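To start, the structure itself, in structure tokens.
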Amino acid sequence: MSLPNLDMDALRTFLATQQLGSLNRAAERIGRSQSAVSQQMRKLEEQVGMPLFRRLGRGLALTESGELVLSYAHRILDLNDEVVRAVRGASIEGVVRFGLPGDFAESWLPKALGQFKKTHPGVRVEVAVERNGALLERLDRGELDLVLAMGYERRADAEHLATLPMTWIGPADADVVLSPGVPLDLALYHPPCFFRRAGISALDSANISWRLAYSTASLQSLWSGVAAGLGITLRTAAGLPPTLRRLGEKDGLPPLPSVELCLHTAPAEMPPALAQLKRAIVENAAANLIA
């Protein structure tokens, strides 16, 4: 007996339904009627021969069979999308100069760039890892085509990707103790730095005395200084090394604001290679950063 071919559109709808917990919300997300979504789910259940959802209050939860299908659905759709992109991307050629801050240079972005290289073999991506402000200066000088940066959402070329909470950061193997009359040791970037400004402002507002114990222009150097116990710092949790941990109000530290993560593109006609890389970064940011 031949096995049925699972419907790709139904699998995508299945993932949306699982993520949102309701057929109605899934219908709104994918732009279809609730009856059409219900029909897709019935078809998928018929194909696998088992119910995929069960009622849980006013929402839906996966059955054991649904959990199993979910684990395969991600892989099936990822492989399907990889094939389509590889075929389409093979005909695209060009050079894209992409800049990103060190916060993302060791987390999800290198993997995304590696996948892009596989599916777009004719596109050469030149990557520059620098501070946010320096990257945007290079973009303005025409030295970069696309920049991922934090804290510059007011620029006209900013395309919002995510809002990231700032957090205090200290060594993973030691407690941070605030003592009356003893300044808090800080490890910070050289100015100008919006993280530096935000941290100092938060401490001053909370009447917590501080002193600059470690200053650097390198993110790796900053992480090393904090891990060595030379001072605490603040950043987002993106790319946080295992030698460090997040700190907060339980440690006696004041709350911090959030920072906006945006994509910035050179103000010129967007060639296909640049458009494809930008799309890949937006999709990966949604998968890795946006709840």
Side-chain angles (χ1 to χ4, degrees), residues 8-9 11-12 15-16 29-31 74-164 192 194 218-219 236 238-239 259-291:
M8 292 291 180
D9 286 338
L11 284 177
R12 294 190 194 279
L15 290 183
R29 166 75 65 84
I30 65 176
H74 285 290
R75 285 186 281 167
I76 292 170
L77 292 172
D78 286 346
L79 187 58
N80 175 83
D81 295 347
E82 183 179 335
V83 170
V84 174
R85 288 169 185 161
V87 173
R88 293 178 178 177
S91 63
I92 297 175
E93 298 180 345
V95 178
V96 181
R97 301 164 300 174
F98 175 49
L100 68 151
D103 306 70
F104 305 101
E106 296 183 9
S107 52
W108 55 273
L109 251 179
K111 182 179 179 181
L113 293 174
Q115 183 64 32
F116 181 85
K117 182 178 180 180
K118 286 172 57 179
T119 56
H120 297 77
V123 178
R124 188 173 82 249
V125 181
E126 298 178 354
V127 179
V129 180
E130 293 186 44
R131 294 173 61 173
N132 295 277
L135 290 169
L136 291 170
E137 289 175 2
R138 292 188 61 185
L139 181 74
D140 292 339
R141 292 197 301 266
E143 298 173 3
L144 294 173
D145 304 304
L146 184 65
V147 165
L148 182 71
M150 295 181 288
Y152 290 85
E153 66 277 5
R154 294 183 180 179
R155 283 177 54 113
D157 59 4
E159 179 179 333
H160 180 266
L161 289 185
T163 299
L164 305 176
F194 55 86
S218 160
L219 183 61
T236 72
V259 61
E260 303 303 317
L261 177 68
C262 298
L263 268 179
H264 305 263
T265 312
E269 183 178 351
M270 189 175 297
L274 175 56
Q276 288 297 311
L277 178 61
K278 182 177 179 180
R279 178 198 54 75
I281 293 170
V282 170
E283 289 182 358
N284 277 275
N288 290 277
L289 296 174
I290 303 172

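All heavy atoms count here, side chains included; hydrogens, waters and symmetry mates do not. Worth saying up front: this structure is predicted, and the values here are computed from it rather than measured.
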message = Return the CD to CD distance between Glu130 and Glu137, rounded to the nearest 0.5 Å.
response = 9.0 Å

inquiry  = Using every non-hydrogen atom in the two residues, find where Pro101 and Leu148 come nearest and quote the distance to one decimal.
reply    = CD-O, 2.8 Å

task = Any chance you could measure Leu113, atom CG, to Trp108, atom CH2, to the nearest 0.5 Å?
result = 8.5 Å

key: Heavy-atom closest pair, residues Asn80 and Arg12   = ND2-NH2, 3.4 Å

key: Whether over 12 other heavy atoms sit under 6.0 Å from Arg124 CZ   = no

ask   = Roughly how far apart are Leu263 CG and Asp157 CG, rounded to 0.5 Å?
value = 10.0 Å

inquiry  = Quick check on Arg141: does its CZ atom have over 12 non-hydrogen neighbours (other residues, nucleotides or ligands) under 6.0 Å away?
reply    = yes

note = Paired with Leu144, the side chain to side chain contact (heavy atoms under 4.5 Å, CB included) test is passed by just one of Leu146, Val147, Asp140, namely Val147

key: Distance, nearest 0.5 Å, that separates CG of Asp145 from CZ of Arg138   = 10.5 Å

task = For Arg97 and Ala128, indicate whether the former's side chain and the latter's backbone hold a donor-acceptor pair under 3.5 Å.
result = no

request  = Measure the acute angle between the ring planes of His120 and Phe116, then classify it against the limits of 30° and 60° as parallel, tilted or perpendicular.
outcome  = parallel

Side chain Asn132, main chain Met150, donor-acceptor under 3.5 Å = yes

message = Let me confirm one number: the OG1-CG distance from Thr236 to Leu261, rounded to the nearest 0.5 Å.
response = 8.5 Å

